[in-house]
Amino acid sequence: MALMSTCVNSVGSIISQQQYLHTQRKNNSWLSFSYTKRKNSVIAKSKSINSEIDFSDPHWKQKFQEDFENRFNLPHFNDVFDDVKPIPTTFYLQKRSSQNGYVNDDDRALLKVIKYSSPASAGAECIDPDCSWVEQWVHRAGPRMQIYFEPEKVKAGIVTCGGLCPGLNDVIRQIVLTLEVYGVKNIIGIQYGYRGFFEESLPEIPLSRQVVQNINLAGGSLLGVSRGGANINEIVDSIQARSIDMLFILGGDGTHAGANAIHNECRKRKMKVSVVGVPKTIDNDILLMDKTFGFDTAVEEAQRAINSAYIEARSAYHGIGLVKLMGRSSGFIAMQASLASGQIDVCLIPEVPFKLGGSYGVLRHLEHLIQTKGSAVVCIAEGAGQDLLEKSNARDASGNAKLGDIGVHIQQQIRKHFKEIDVHADLKYIDPTYMIRACRANASDAILCTVLGQNAVHGAFAGYSGITVGICNSHYVYLPIPEVISSTRHVNPDSRMWHRCLTSTGQPDFL
Ligand SMILES: Nc1ncnc2c1ncn2[C@@H]1O[C@H](COP(=O)(O)OP(=O)(O)O)[C@@H](O)[C@H]1O
Ligand SMILES: O=P(O)(O)OC[C@H]1O[C@](O)(COP(=O)(O)O)[C@@H](O)[C@@H]1O
Ligand SMILES: [Mg+2]
């Protein structure tokens, strides 16, 4: 179905689609919907409302506005404080005299537009059987001409939470450098994640350009990381006692849930604190983002392990290489590393169930590979095949499920199987787990970290709080935290990327 040439607006008049979209964009509304043309009128259908929308119906309009209009709105000081007045920015661009280079609060980046050729290709994207088009708009990140803090009075804090991730130091460094360019002099680091807020043995670390100058040359986090210990009231008490005005929180989904709770508590206490998250996770399991920083580096490092497994397998008589990679509930690292290396015969991820035994199981396929190719390489994500292991309710300090070791299990099963069928197999098991995240960021991640770190500071100065920064559809954007943590991002087994991976490995369906 072709795109509509006309639309019916809320008062029922026919307008051109261009006019219509222009108005909606200006009003920051209509963020995600599909059009369909029926009986000479245009009807929009919203995925989350799950009902048809007639633009001339005021009741519907209100519902739609509630659901969509505010969806990607960013919490701002102006929403709650009457006495906040912006001042001209102290962040100067090369072209001082023009507005060029600064971002307006009304600027939006296109998160996604897909024009589907048929309802079938739209799949889960649209609920409308005639759906052809989905679009979403989000706030552009970057420096504003007006700022909401006087830099010389600002105290800024940085904290890194969760597990390690390549690039943490790059982000810390960029936050500090950018704050200093604005004119901020009081910058501190909170040690070892959220627990640094209330453990007396962990003093805050003063940060400056001099302190952070070379920290990007090493992996890890200058400030240290930790799991658990997120008592929101105690953290906000500590923020208040330390007189922190801006808090930059680097971490994954758990950390962002904490950041959002801190933001809400600050709002409740009428504290003018800007809380800005920077999503960190090698698992790449944060919604909406093209990727999170550290993921590329982790994939690159994972490839080294795969390459070693491949060489071992190829050099041995009936060699089998087995590599276990991180990925608690999302198989992005395993999928991308398999795609990148081109050396994987079997890629197993948490999102796609599989059987080990039986005619269609992994073990039978390995037998076939040994017979036909002489060797095989398997890449498995740590969260894959958990249903094959003994059930456990164990949790880590943050409440994340502690997984059974599928790598060791599959290693034992392969050995057992080849012994049982009396075929020689030389299995080499590589578990590079912590090696892929303790390293320094590669070039592409270092650039991503630079932009994200700088944008985090611009977002705080712009008066936003409860937001996070990201790269979406190749644009740098700000998103409200609840939108990115509403669920975990997973590999879609029906996606083109997973199918590409299957094409590359040549593996069958193991069920
Ligand atoms: N739902 C939540 N609300 C508040 N804090 C949370 C929540 N989930 C996790 N946290 C805290 O966030 C920090 C990091 O969480 P964790 O799950 O370990 O890592 P990540 O942020 O990488 O997902 C921990 O200190 C943890 O206690
Ligand atoms: O041993 P740790 O520190 O708990 O980390 C293990 C976990 O860290 C990760 O690499 C990333 O998890 P986070 O994003 O929660 O830091 C997971 O894939 C893995 O399960
Ligand atoms: Mg997490």
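Counting convention: from 1, in listed order, for ligands and their atoms alike.
At the shortest separation from atom 6 (C) of ligand 1 among protein heavy atoms lies Gly254 O, 3.3 Å. The closest protein non-hydrogen atom to atom 25 (O) of ligand 1 is Gly228 O, 2.7 Å.
No donor-acceptor pair under 3.5 Å is formed between the side chain of Thr505 and the backbone N or O of Val346. The backbone N or O of Gly331 sits less than 3.5 Å from a side-chain atom of Glu351, completing a donor-acceptor pair. Judged purely by atom type and a 3.5 angstrom limit, Ser504 has no side-chain atom pairing as donor or acceptor with the backbone of Arg500. Proximity of a side-chain donor or acceptor of Arg173 to a complementary backbone N or O of Gln213 within less than 3.5 Å is detected.
Close N/O approach between Gly163 and ligand 2 is found [any backbone or side-chain N/O within under 3.5 Å]. In terms of polar-atom proximity, Asp283 is counted as a contact of ligand 2, with an N or O under 3.5 Å from an N or O of the ligand. Below 3.5 Å of separation, one finds an N or O of Lys280 facing an N or O of ligand 1. Residue contacts with ligand 2: Tyr434 is placed with a nitrogen or oxygen under 3.5 Å of a nitrogen or oxygen of the ligand (distance criterion only). In terms of polar-atom proximity, defined here as any N/O pair under 3.5 Å, Gly327 does make such a contact with ligand 2. The shortest N or O to N or O distance between Arg227 and ligand 2 is below 3.5 Å.
Residue Asp253 approaches the Mg ion (ligand 3) most closely through its N/O/S atom OD1.
Annotation: cation-pi geometry satisfied between Arg489 and Phe332 (NZ/CZ under 6.0 angstrom from ring centroid, within 45° of ring axis).
Under 4.0 angstrom from ligand 2, there are no non-hydrogen atoms of Asp253.
Within the structure, the closest approach of Thr281 to ligand 1 does not fall below 4.0 Å when heavy atoms are considered.
The aromatic rings of Tyr148 and Phe77 sit perpendicular to each other, their planes meeting at more than 60°, with 30° as the lower class boundary.
Inter-residue side-chain proximity for Asn284 and Ile333 is flagged as unmet; no heavy-atom pair is nearer than 4.5 Å.
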